[in-house]
Each structure stands twice: as C-alpha cells, then as structure tokens.
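A short worksheet on the structure shown next.
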Amino acid sequence: MPSPSVRSFRILALTGFLTAVPSVVGVPEGWFPWPYVEPVAGSALDSSALNHKPAGSRGPIVVRDSIFVTSDDGARLRFWGCNLSSNEAFPPDAATAERVARRLALGGVNIARLHHLDNPWSVDSAGSLWTPGSQDSIRIDPAQLDKLHRLVAALKAEGVYSNVNLKVSRTHTEEDGFPASIAQLPGFHKRVDYYSRRHVEMQKDFARRLLSPKNPYTGLSLAEDPAIAVVEINNENSLLGLRTRDIGAGLHLLPEPFRGELQEMWNGWLAARYATDDALRTAWSTGATPVGSATTTPASRWFADAQPGNDVRIESPHTGAVHITIGPGDGVRWRSAAFLDHLRLVENATYTLSFSARADATRPVEIVVGRDDPLWRTDKWRSRGLRSVVTLEPEWREHRMTFVAHSIVDVGSRLTVIAGHQTGTVELRDVRLESGSSTAGLRQGQSPRAGDVPIPTDPTPAQWNDWLQFLVETEQAYVDEMRRFLIDELGVRAPIVCTQANYGGIAGLVREQASDFIDAHCYWQHPDFGGSSGVWNTGHYTINNTPQIGELSARWFGEFGALAQLRVAGKPFTVTELDHPAPSDYAAEMYPFTATFAGLQDWDGLYTFDMVGIGLPAEEDTGALLTFFDQHHHPAKWGFGPFATRVFRHGLIPPLEATRELHVSAPFWAEANHLDVLWLKHRTAQDIGFLTDRLSVHEDLLPADRPTRIQSSDTQTNAGSSARLVQARRGQVYLVDAPAASAFVGYVGDDTLATSRLEIATDSFGLQFAAVTAVALDERPLEESSRVLVTLAARAENQGSVWNAARSTVGDVWGKGGPPVAERVPATIRVHSATRRAVYALSHDGSHAAQVEASWDEAARVLEFSTRTGPATLHYELVPTTAR
C-alpha cells in the first residue's frame with residue numbers, strides 16, 4: 001500500500017475542499033446530523049476519569065512481565081491512543097494546546113503519538129520543527145520546539161502520555177550538503193537511512209536537538225520526563241523492504257553514491273564471511289535450482305481481471321502470448337490487469353521470467369508473480385518473489401527477470417500484468433517462466449575483495465539468502481547503535497522501539513529483538529490513488545468498500561488477524577496507527593472490533609489515525625469530516641469511543657486463556673518471508689485460532705537443525721472466549737459477550753441476535769450493516785450496573801457526499817459544511833437487568849435529551865426499548881429509575 005506517513009496533511013485542506021460542492025443538499029430519510037461537541041463533565045460520553053493525572057505521576061512507564069506498568073506502583077497501563085501529526089502537534093497558543101489535551105482526555109485517550117514532527121510539507125504553515133521559510137532540515141526552530149513543549153505539558157496535565165517519533169518524514173536536499181542524487185531516493189529516504197553514515201549521524205543529531213533541551217513548561221527534557229511513555233526511532237521503515245513486499249528487492253535501483261555505499265558494505269560482509277572467491281562461488285552454486293523446467297500446467301490460462309468500474313479484455317491464443325485491452329476505468333493501477341493462472345512454483349527456488357512486450361504508447365506496467373486466489377485480500381501488494389515495474393514502448397522489446405520464490409502455501413501461483421495506469425493496449429509474446437537461471441551466482445572476474453560483487457538481481461537461492469542475511473545484520477547494527485545513543489548519551493528513560501514489526505517480513509522480528517516492545521500498523525482498505533506513482537490525490541482514489549467483518553474466516557482474520565500473528569511472546573504489543581478510512585459504508589465496525597479483538601489477544605496499545613482539527617475552536621470548525629482519517633468528526637468511529645476505551649483500557653474483554661506460539665527456524669527464508677505464511681504452513685487446512693487462542697511468535701529463532709513449529713497450551717481452545725462469529729440472515733456478525741460489555745458488529749439487519757446479557761431485534765435498513773454495543777460505565781456486570789451505555793451506528797458521511805456508481809469513491813465531492821449525518825439503526829433493544837431502569841436518549845454532549853419509553857419484564861429480568869422513534873441519537877443511557 002502507499003506509505004501512510006503523509007496521510008494527514010497532504011490530504012484535504014481545512015479550507016477549500018468544500019467549495020466546489022453544491023450547497024443545496026438534504027439529510028437523507030432515516031439519517032440525522034451528529035456533530036462533534038465536547039461531552040458534559042460526568043456524562044456517559046465523558047471518559048476523562050479513566051486517566052490518572054498528571055501523566056507520569058506514578059513514575060516512568062517500564063516493561064515488566066511483558067506488559068507496560070507504571071514504575072512506582074507496578075500497575076498495568078494499556079494505551080488507547082491517537083496520532084497528532086504535522087500541524088496538530090504544534091498548537092499555535094496555550095489555549096489551543098489545552099483544548100487539544102482536554103478533548104483527548106474526554107474521549108478516553110491516554111497517549112498521543114507526536115508524528116511527522118520532521119515533515120517537509122508543513123514547514124511554511126508552522127507544522128514542522130524546521131524554521132518556516134527555510135530549506136534547512138538540520139536545525140530545529142526554537143519557536144516550533146516551544147509549541148511542542150507546551151503541547152506535551154498540556155497533555156501531561158490531562159493524564160495523556162506522549163509517544164515521541166524521531167525519524168518519520170525528514171527529507172534532505174542539496175541544501176543539507178547531499179549530492180543532487182538525493183532527490184532520487186525513495187520517499188523520506190526510507191531504507192537508505194538504515195546504513196548511510198551521513199543519514200544515521202544526522203538522525204542522532206536530530207534526536208539530541210529534540211530530546212535534550214529542557215521543556216520550560218515542565219522543567220524536564222523529553223528524554224527524562226516520565227510523561228514520555230514511548231520513543232520510536234524510525235517510522236514504517238526497513239532496509240529489507242516495506243510492508244508485506246518482497247524483502248531484499250529493489251536496492252539495486254538506488255542512485256549513486258548511495259548504491260555504492262551499500263555495495264561496499266555488502267562486499268565487505270562477503271569478504272569477512274568467505275575466505276576465498278572459490279569458497280564463495282561454491283557456496284552460491286550449492287543447491288542452485290536446475291534450469292529449464294516450465295511452471296505452467298495443463299490448466300494454465302490467461303484471464304482478464306477487471307475490478308468494479310473497470311474494463312479489461314484479452315485475446316490469448318496460448319499461454320505464451322496475450323493481447324490486453326484496457327478500457328476506461330478509475331485509473332487505479334491494480335484494478336485493471338490480466339493473469340496467467342495455475343502456475344507451479346517451489347519455495348526458495350530461482351525462477352526466470354522472459355518475454356517480449358510492446359504497448360500502443362509509452363506506459364508503465366507491473367509484472368507480478370503472486371498467489372492464485374482472487375479472494376485473498378491480505379494485501380494487494382503481496383507477491384511470491386517478483387514485483388517489478390517495466391516501461392513499454394510501441395516497439396517490441398525483450399525483458400528478463402530473475403527471482404527467488406517465497407510464500408508458497410495453500411494455492412498455486414499466477415503471473416499478473418497490472419496495467420490500469422492508463423487506457424490502451426499491451427501485448428506480450430514468447431512468455432516463459434522457467435526454473436533456474438544460467439547466469440546466477442558469482443560470475444567470472446567478480447570478487448568481494450575487489451568490491452565488484454553487485455547487489456543481487458540474478459541470484460541462486462544461496463546467493464539471495466546471503467543477501468538477506470547481510471541486510472538483517474545491517475538492520476540489527478543500526479538498531480543497536482541508535483538504542484545505545486538514545487539510552488547512554490541522551491538518557492532516554494522511556495521504552496524504545498525501532499519501527500513497525502510488519503515492515504521487513506519475518507526479518508522485522510529479528511530486527512526488533514532489541515526493542516522494548518513490538519509495534520505494527522494496520523489499515524483496512526486504505527485509499528488507493530490512481531496513476532503509477534501513487535501520488536496522493538484526494539479527488540482521484542478508490543476503495544473496495546467492503547467490511548472486514550464480512551471477510552473473517554478460520555484461515556484469515558483480516559488485517560487484525562495478520563497483526564495477531566506477529567505479536568512477540570514476552571513483550572508488550574501495540575498498534576500505533578490503525579484506521580478504517582473514510583469514505584466507507586462500514587466504518588462502524590472499526591472501534592468495537594478493534595477494542596474487543598485486542599482485548600482477547602491481550603495487546604497493550606491501540607492508536608487511531610488521525611486527529612485533524614481536534615484543537616479548532618467551535619466557531620472555526622465546519623463540523624464536516626476533513627480527511628480520510630478523521631476520527632472525532634466521524635460519528636460511526638468516535639461514537640463508539642466510550643465503549644472502546646473502557647473495554648480495552650480496563651480489560652472488560654477477558655484475554656483468551658489458550659495460547660499458540662510460533663517458533664521460527666533460522667534461516668527463515670528457506671520457508672517463507674512473512675509470518676502469516678508460516679502460520680498457514682504449520683496449521684495446514686486448520687483453524688488458526690484467532691478467536692480461541694492468544695497468538696504469538698517466540699522472540700528467538702530456532703537453530704537451523706530444528707524445524708519451525710507451533711506450540712499450543714494445554715488449555716481447551718474453546719474455553720473462555722468472549723467473541724465468536726455467527727451467520728446471521730443477511731451476513732456474518734462478530735458477537736461479543738462479556739459480563740460488562742456486549743456487542744454485535746456486522747450484518748445485523750432484519751434479524752434477531754442475542755448474547756447472554758444483550759438482545760437486538762433489528763428491522764431491515766440500508767445495507768443491513770451496523771454495530772450495536774453495550775458497556776457498563778462502572779465496569780460491573782451489565783445486569784447489575786448503575787449506568788449502562790448502549791450505542792448504535794451504521795453508515796455515516798458528510799452531508800451532500802456523492803458516491804460513484806460502483807460506490808468505490810466520492811471523488812472530490814466530499815459534501816458541504818456542517819456536521820456529518822448518521823443512519824438510524826431501527827431496533828428493539830433488550831438488556832438483562834436486575835432492576836427496573838429508565839432509558840434516556842443522549843444529546844451530542846452526553847446530556848439526557850429525553851426519556852425513552854421502556855418496559856421491564858420483572859420475571860425475565862429484561863429491560864426493553866426501541867430505537868425506531870424518538871430523538872435521533874447514537875447513544876442511550878440506562879440508569880436506575882431512582883437516579884436523576
């Protein structure tokens with residue numbers, strides 16, 4: 001997926017994005033406006049009492065017994081967090097800083113991730129640490145640092161800890177003393193900044209300038225302040241590669257002198273490992289894949305692959321040739337393609353793809369060898385060793401690509417030509433995908449002692465495995481160096497993590513061994529931007545627009561299942577970016593599913609992305625959703641905050657008792673590049689256990705002579721789970737049943753569903769998809785609680801949003817100003833109750849808007865009320881009738 005690191009402030013400007021939208025719109029029937037307002041103190045929507053104030057008053061956050069605790073009392077602390085990115089991390093004045101902190105605390109947030117502090121795009125709008133008007137990305141501007149310090153102090157006062165990010169989006173230029181080729185590096189200089197000495201030293205200098213000065217509002221530096229709970233070294237980055245991509249690939253494309261610096265290190269590593277060139281040549285030729293075996297099978301055929309809203313037609317006389325015509329579509333590259341299926345590949349074997357190709361005009365296409373399964377949605381970027389962009393011309397040209405296959409599990413493989421960048425025709429002929437390579441290995445005249453062994457592009461398996469080992473060790477050296485600097489020289493007291501463990505494949509597990517905890521990022525159906533460059537364009541993007549709940553299964557549990565499979569045993573686990581971006585018809589699933597599943601798996605931190613406009617005074621806030629990632633303006637997200645924060649932070653969903661732990665054998669690349677593949681391989685045709693077992697990976701790799709295995713606990717796998725999947729009349733529903741909290745998430749329409757304490761009978765409505773939750777605000781069992789909050793939400797969007805026919809985008813018609821509108825969920829709610837209760841519909845601020853008619857069956861101990869009529873609201877509060 002495109003890097004999420006520029007999500008906030010290259011997206012939708014607060015001004016200007018509404019100007020082209022028609023001004024005359026109405027609220028659809030069955031929908032109602034739901035603005036964000038600050039909750040009334042003490043109301044059911046005020047979660048600020050969950051925070052201890054000030055943050056850090058119980059001592060620094062430390063890791064003990066695999067969890068975060070406050071050091072003075074040893075009490076466990078789970079983080080429900082948010083991201084404050086770019087401009088949001090630099091409130092212009094004290095009043096704004098205090099307003100941001102207060103609103104976060106009211107929403108149950110107890111940690112803020114200070115993100116994109118080093119970005120280049122908001123320098124002139126005072127949304128970065130660099131001096132406005134300058135080209136300097138070395139010296140921190142004192143005025144900007146003062147704003148950040150003031151925010152940290154305001155957060156601290158409200159019981160909100162800070163997570164300080166170091167390297168995120170810093171982008172050097174020639175003005176910083178780099179050669180002109182610096183402009184050709186990957187975005188934000190990812191991968192290169194793990195080994196380029198100048199980059200590493202400048203990261204240290206930046207950390208010193210940021211973490212060492214005293215904060216005048218607290219009297220402590222960020223390095224020593226106990227309200228700084230976490231320090232992250234390098235956001236979403238791995239020398240081996242980005243999230244779920246082919247690890248190790250693409251580094252030969254770096255410009256000089258950066259490629260030369262890496263090649264020099266590679267040759268030095270080889271020279272130290274192999275005493276002679278002959279020894280190296282022999283090692284790389286050992287186990288080389290035999291040349292010439294075809295991968296096609298009798299069932300192999302070419303097929304058009306057009307996603308909704310796109311048009312692809314093919315002509316293919318045989319497997320070796322295809323003529324592809326791409327008709328008008330949405331311009332998103334992967335949505336118009338053709339593929340050759342039923343290919344037979346073997347794990348950790350070399351393959352060579354060769355073909356001639358031309359197009360009607362100069363155009364890029366992507367060539368991918370991946371999983372032969374149209375329903376597999378783990379990540380559209382996932383391949384089995386080959387993903388390469390080639391530029392085609394009207395003239396026929398030959399192309400050759402060599403790769404080592406990985407992740408072969410469950411189904412066969414396919415060769416895909418991705419051509420949705422533009423309309424027109426693409427032709428391939430003489431297509432051959434065969435085993436081996438006649439030119440792989442150490443070539444005559446090459447020697448690491450001469451420094452001329454290139455970065456591998458035509459490898460034997462042994463050669464490629466050496467390359468991966470070199471990259472892993474280089475990453476480990478970087479992490480060790482940065483940690484020593486932060487701890488020994490700067491005196492950082494907070495737990496430190498390098499980067500997200502789902503960057504770099506299984507190598508991320510090895511890299512993060514030195515980190516104090518494990519972190520990851522997760523987005524369900526991140527917007528996909530048209531064009532080959534993937535440039536952010538808020539008027540040109542698409543989403544699949546399907547629910548994660550509807551696609552959960554025993555073998556794959558959505559993006560969150562993939563996270564569960566990389567949690568490391570014995571360390572805290574956090575997800576510092578997560579979202580179900582707007583526009584989407586299914587965002588209501590995000591908070592209830594996230595909080596409860598993370599509770600089952602016993603995770604330690606969840607941070608939603610992003611909090612754009614959280615500090616705006618009411619008179620300046622249009623009320624509308626401002627970005628793909630807006631949280632507090634989104635009724636179907638923020639509306640479930642009171643449920644999610646209590647459920648997760650206070651552990652109202654008991655962790656699963658049964659455990660399954662994956663022990664990975666070294667070197668792991670002989671089996672797979674990615675952990676989810678290993679889980680599939682070693683639970684062949686079986687339930688992985690997402691809702692029955694706490695999943696984890698052992699931190700240490702097994703010796704090479706010990707095979708990968710999964711170790712299960714003796715606890716019965718069906719014992720103690722508070723969640724399950726059920727097939728309702730209209731589709732799948734995720735059901736949560738715990739003493740103090742219950743939830744239904746999914747296709748609840750036109751059906752009756754029940755947990756042991758909550759029942760719903762829902763009319764047919766909209767898309768039949770919604771979330772319905774109940775939580776005890778005093779954390780007692782629902783039937784005994786003095787205050788129960790019931791929340792219902794289905795679709796929510798800006799007023800006047802205009803979807804396309806495929807319902808995959810609203811383009812630039814995001815809607816007019818004013819609060820978003822939410823869809824009413826028409827239902828009968830039955831809550832088990834030991835006593836008669838009054839039911840109140842809540843206003844936007846959590847106050848009681850009106851009492852709702854309710855009946856109480858004393859014999860059955862069930863309270864019943866309807867949401868079909870009365871005040872339009874997301875929330876109902878149940879209190880004893882004697883309470884005011």
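Between A283 and A462, the shortest heavy-atom distance links the atoms O-CB, 3.4 Å. In terms of heavy-atom proximity, L253 sits nearest to R259 at C-NH1, 4.4 Å. Residues A405 and V346 approach most closely at CB-O, 3.6 Å, considering heavy atoms. For the residue pair V291 and S438, the shortest heavy atom distance occurs at CG2-N, 4.0 Å. Nearest heavy-atom pair, R363 versus H421, reported as atom, atom and distance to 0.1 Å: NH2-N, 4.3 Å. Minimum heavy-atom separation, I247 to L468: O-CD2, 3.7 Å.
Contact check for I455 versus T457: no side-chain heavy atoms found under the 4.5 Å cut-off. Side-chain contact check for V453 versus L442: some heavy-atom pair is nearer than 4.5 Å. With a 4.5 Å cut-off on side-chain heavy atoms, E366 and R387 count as touching. With contacts defined as side-chain heavy-atom distances shorter than 4.5 Å, the pair L509/V568 qualifies. At a threshold of 4.5 Å between non-hydrogen side-chain atoms, the residues R400 and D458 count as touching. A 4.5 Å side-chain heavy-atom check between L680 and R555 finds at least one atom pair inside the cut-off. Contact of the L270 side chain with the W284 side chain is registered, since non-hydrogen atoms from C-beta on lie closer than 4.5 Å.
The existence of a salt bridge linking R273 and D466 is confirmed by a sub-4.0 Å separation between a basic side-chain nitrogen and an acidic carboxylate oxygen. Ion pairing of R281 with D278 is present here, as a side-chain N (NZ or NE/NH1/NH2) and a carboxylate O approach within less than 4.0 Å. One finds no salt bridge joining D246 and R384 here, because no Lys/Arg side-chain nitrogen approaches an Asp/Glu carboxylate oxygen to under 4.0 Å. The pair D452-R443 does not count as a salt bridge, with every side-chain nitrogen at least 4.0 angstrom from each carboxylate oxygen. With respect to the salt-bridge test (charged N to carboxylate O, under 4.0 angstrom), the residues R414 and D373 do not qualify.
Between the side chain of Q601 and the main chain of A598, no donor-acceptor pair closer than 3.5 Å is present. Formation of a donor-acceptor pair under 3.5 Å by the Q263 side chain with backbone atoms of G451 is found in this model. Of the possible polar contacts, one joining the Q463 side chain to the T460 backbone as a donor-acceptor pair under 3.5 Å is found. No donor-acceptor pair closer than 3.5 Å links the side chain of T352 to the backbone N or O of T402. Side-chain atoms of E512 come within 3.5 Å of backbone N or O of C498 as a donor-acceptor pair. Side chain of K681 to main chain of V409: no donor-acceptor pair is present (N/O by atom type, distance under 3.5 Å, no hydrogens or angles). A donor-acceptor pair under 3.5 Å is formed between the side chain of R683 and the backbone N or O of D687. Side chain of S515 to main chain of I518: no donor-acceptor pair is present (N/O by atom type, distance under 3.5 Å, no hydrogens or angles). Side-chain N or O atoms of Y195 include one that pairs as donor or acceptor with a backbone N or O of F258 at under 3.5 Å. The backbone N or O of I408 lies less than 3.5 Å from a partner atom in the side chain of E347, making a donor-acceptor pair.
For the 3.5 Å distance criterion, the side chains of R511 and Q513 fail to qualify, holding no donor opposite an acceptor. When only modelled atom types and interatomic distance are considered, E671 and N673 share no side-chain donor-acceptor pair under 3.5 Å. Side-chain contact, S238 with E475: a donor N or O sits under 3.5 Å from an acceptor N or O. A donor-acceptor contact under 3.5 angstrom links the side chains of N237 and D193, judged on distance only. For the residue pair S413/D372, the side-chain donor-acceptor check at 3.5 Å is not satisfied. Looking at Y194 and N234, their side chains never bring a donor and an acceptor atom within 3.5 Å of each other. In this model, no donor atom of one side chain and acceptor atom of the other lie less than 3.5 Å apart for W669 and N348. At a cut-off of 3.5 Å, with distance as the only test, no side-chain donor of N502 or H674 sits close to an acceptor on the other residue. Checked by atom type, the side-chain pair D693/T659 shows no donor-acceptor distance below 3.5 Å. Between the side chains of E434 and Y351, not a single donor N or O lies within less than 3.5 Å of an accepting N or O. Side-chain contact of T546 with Q525: a donor-acceptor pair under 3.5 Å is present, judged by distance alone.
Under the side chain to side chain donor-acceptor pair (under 3.5 Å) criterion, the residue pairs touching residues 288-299 are T297-S300, with sequence neighbours excluded. Within the structure, every pair that satisfies the side chain to side chain donor-acceptor pair (under 3.5 Å) test and touches residues 561-574, not counting sequence neighbours, is listed here: D519-T574, K571-E699.
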Salt bridge (Lys or Arg N to Asp or Glu O under 4.0 Å) between R371 and D410, intermediate numbers included: CA-CA 9 Å; R371 183 183 173 95; D410 279 5; 3.8 Å; yes
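Ring orientation note: the planes of W603 and F560 are tilted relative to one another, at an angle of 30° to 60°. Ring orientation note: the planes of H521 and Y503 are nearly perpendicular, at an angle over 60° on the 30°/60° scale.
Checked against the 6.0 Å centroid threshold, F403 and W464 do not count as a close aromatic pair. Taking the six-membered ring for Trp and the full ring otherwise, F517 and F573 have centroids separated by 6.0 Å or more.
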